[in-house]
Amino acid sequence: MRVGIIGGGTIARLFIEHIRRGDLGDAEVVAVAGRSARSRGKPLAAEYGIAFVTDVHGLLSERPEIVVEAASHEAVREYGTPLLDKGVAFIVLSCGALCDDALRGRLESAAHNSGALLYVPSGGIGGLDALKAACIAGVDEVTITITKPPAAWRGISYVEKLKVDLAGLREACVLFEGSARDGVPYFPANVNIAAVLAMAGIGFDRTRLKVVADPKLEYNTHFIDIKGRTGNISIKLENVPAPENPKTAWLACYSALAALRLAKSPVRYGT
């Protein structure tokens with residue numbers, strides 16, 4: 001399995017290290033894509049002797065069978081449709097980009113037309129299998145509360161406009177409460193899990209999102225509540241932050257690896 005990676009951060013390194021160890025069978029990373037020659041993906045690729053490219057044409061020239069996006073919403077927009085049009089499977093981690101209905105429609109159409117796989121992993125949450133099953137019967141309400149230590153919310157323009165003193169917080173502070181449609185774009189690197197929850201369930205407009213900075217937390221903690229005809233589901237997840245990036249759950253990084261392993265497998269347990 002020839003694998004391309006968009007991005008040069010924690011997830012890209014994790015992928016390369018596990019694939020090099022043989023943890024994903026006969027997979028091989030054939031290219032790392034970055035925005036420019038100054039991208040951190042370039043030294044990462046050089047470290048492991050992997051081709052480094054800066055656009056979709058360069059990536060396609062390395063003939064990947066599957067590409068993992070671990071970069072940004074912009075990368076989803078730039079790479080998604082061209083890759084799927086060429087029959088290359090596309091795993092999307094920055095799935096908050098798919099809050100844009102037009103973009104999601106283009107990617108879905110490209111996947112249907114070419115037969116290539118468009119795959120959005122569960123990321124740092126669980127329970128999507130139960131949610132999808134419940135939606136067939138009928139779901140009335142889905143809410144997710146994303147609660148992280150203040151450091152995870154630094155450097156976000158929306159939070160800066162709120163003028164919240166993250167460093168000085170002593171109690172939990174609600175940064176956003178509303179629909180996933182409205183909230184996801186404000187936090188492009190922090191709440192992608194709300195996007196996948198919405199897409200697996202009742203949509204961006206009906207899925208409710210609450211975002212909280214809590215100085216008392218050690219873990220990135222998420223609460224999911226689902227109410228419908230099949231019953232009520234409540235899930236709590238306490239995720240260790242990724243070592244190099246407190247905005248990302250360590251579980252989300254490994255969710256991407258699990259997605260890659262499943263992408264070519266004829267055997268699946270659960271949905």
Side-chain angles (χ1 to χ4, degrees), residues 1-98 103 107 116-121 123-124 151-152 154-157 187-190 192 241-250 252-261 263:
M1 180 167 54
R2 297 175 63 83
V3 180
I5 301 173
I6 306 170
T10 301
I11 294 177
R13 179 175 293 277
L14 186 73
F15 263 80
I16 293 170
E17 290 176 349
H18 277 272
I19 287 174
R20 284 294 179 95
R21 290 203 299 260
D23 295 341
L24 278 79
D26 62 352
E28 173 192 8
V29 179
V30 296
V32 173
R35 291 180 181 174
S36 70
R38 296 185 299 275
S39 298
R40 57 179 174 169
K42 186 174 183 179
L44 176 66
E47 179 182 345
Y48 289 95
I50 299 168
F52 176 75
V53 301
T54 57
D55 58 34
V56 68
H57 301 294
L59 184 54
L60 285 168
S61 72
E62 299 298 330
R63 298 181 294 107
E65 298 172 81
I66 186 166
V67 169
V68 179
E69 176 280 316
S72 64
H73 290 190
E74 291 73 20
V76 178
R77 297 186 186 97
E78 179 182 351
Y79 284 85
T81 302
L83 289 172
L84 291 166
D85 281 342
K86 293 294 185 180
V88 179
F90 191 46
I91 295 178
V92 181
L93 304 188
S94 303
C95 61
L98 303 184
L103 172 62
L107 295 183
L117 175 68
L118 172 62
Y119 193 168
V120 179
R154 290 175 186 157
I156 299 171
S157 59
F187 308 92
N190 298 70
N192 285 302
E244 298 177 9
N245 183 2
K247 296 180 181 181
T248 300
W250 204 213
C253 301
Y254 280 95
S255 172
L257 276 169
L260 183 60
R261 177 177 287 173

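For the pair P121 and I91, the tightest heavy-atom approach, listed with the atom from each and the gap, is CG-CG2, 3.7 Å. Nearest heavy atom pair, residue A89 against residue A116, reads N-CB, 4.2 Å. Between G58 and S61 the shortest heavy-atom distance is O-OG, 2.5 Å. Closest approach of L44 to A12, counting heavy atoms only: CD2-CB, 3.8 Å. Contact record, T248 with C253: CG2-SG, 4.0 Å, taken as the closest heavy-atom pair. Between A97 and V76, the shortest heavy-atom distance links the atoms CB-CB, 4.0 Å.
Judged purely by atom type and a 3.5 angstrom limit, E69 uses its side chain to pair as donor or acceptor with the backbone of L93. A distance-only check finds no donor-acceptor pair linking the side chain of R2 to the backbone of V30 [under 3.5 Å].
Applying the salt bridge (charged side-chain N to carboxylate O under 4.0 Å, His left out) test to every pair with at least one member in residues 80-89, sequence neighbours left out, gives no pairs at all. Applying the ring-ring contact (aromatic ring centres under 6.0 Å, His included) rule to pairs touching residues 56-78 yields nothing, sequence neighbours excluded.
Qualifying side-chain hydrogen bond (donor to acceptor under 3.5 Å, both in side chains) partners for E17, counting only residues two or more places apart in sequence or in other chains: Y48.
The CZ atom of R13 sits 4.5 Å away from atom CD of E47, with the distance rounded to the nearest 0.5 Å. For the atom pair CD1 of I6 and CZ of R35, the computed distance is 11.5 Å after rounding to the nearest 0.5 Å. Rounding to the nearest 0.5 Å gives a distance of 4.5 Å between CG of L14 and OH of Y254. Rounded to the nearest 0.5 angstrom, F15 CZ and T10 OG1 are separated by 12.5 Å. For the atom pair L118 CG and L84 CG, the distance stands at 5.5 Å (nearest 0.5 Å). Note that CZ of F90 is 10.5 Å distant from CD1 of I66, once rounded to the nearest 0.5 Å.
Put simply, the residue from I16, L24, D23 that forms a side chain to side chain contact (heavy atoms under 4.5 Å, CB included) with R20 is I16.
Side-chain contact check for F52 versus P43: every heavy-atom pair is 4.5 Å or farther apart. Side-chain atoms of L59 and L83, non-hydrogen and from C-beta on, do get closer than 4.5 Å to each other.
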- Task: Just do the side chain to side chain contact (heavy atoms under 4.5 Å, CB included) check on T81 and L107 with the steps written out, would you?
- Result: CA-CA 5 Å; T81 302; L107 295 183; 3.5 Å; yes

- Item | Derivation of the side chain to side chain contact (heavy atoms under 4.5 Å, CB included) call for S39 and T54 | CA-CA 9 Å; S39 298; T54 57; over 6 Å; no

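By the 6.0 Å contact criterion, CZ on R38 is open, its count of non-hydrogen atoms from other residues, nucleotides or ligands being 12 or less.
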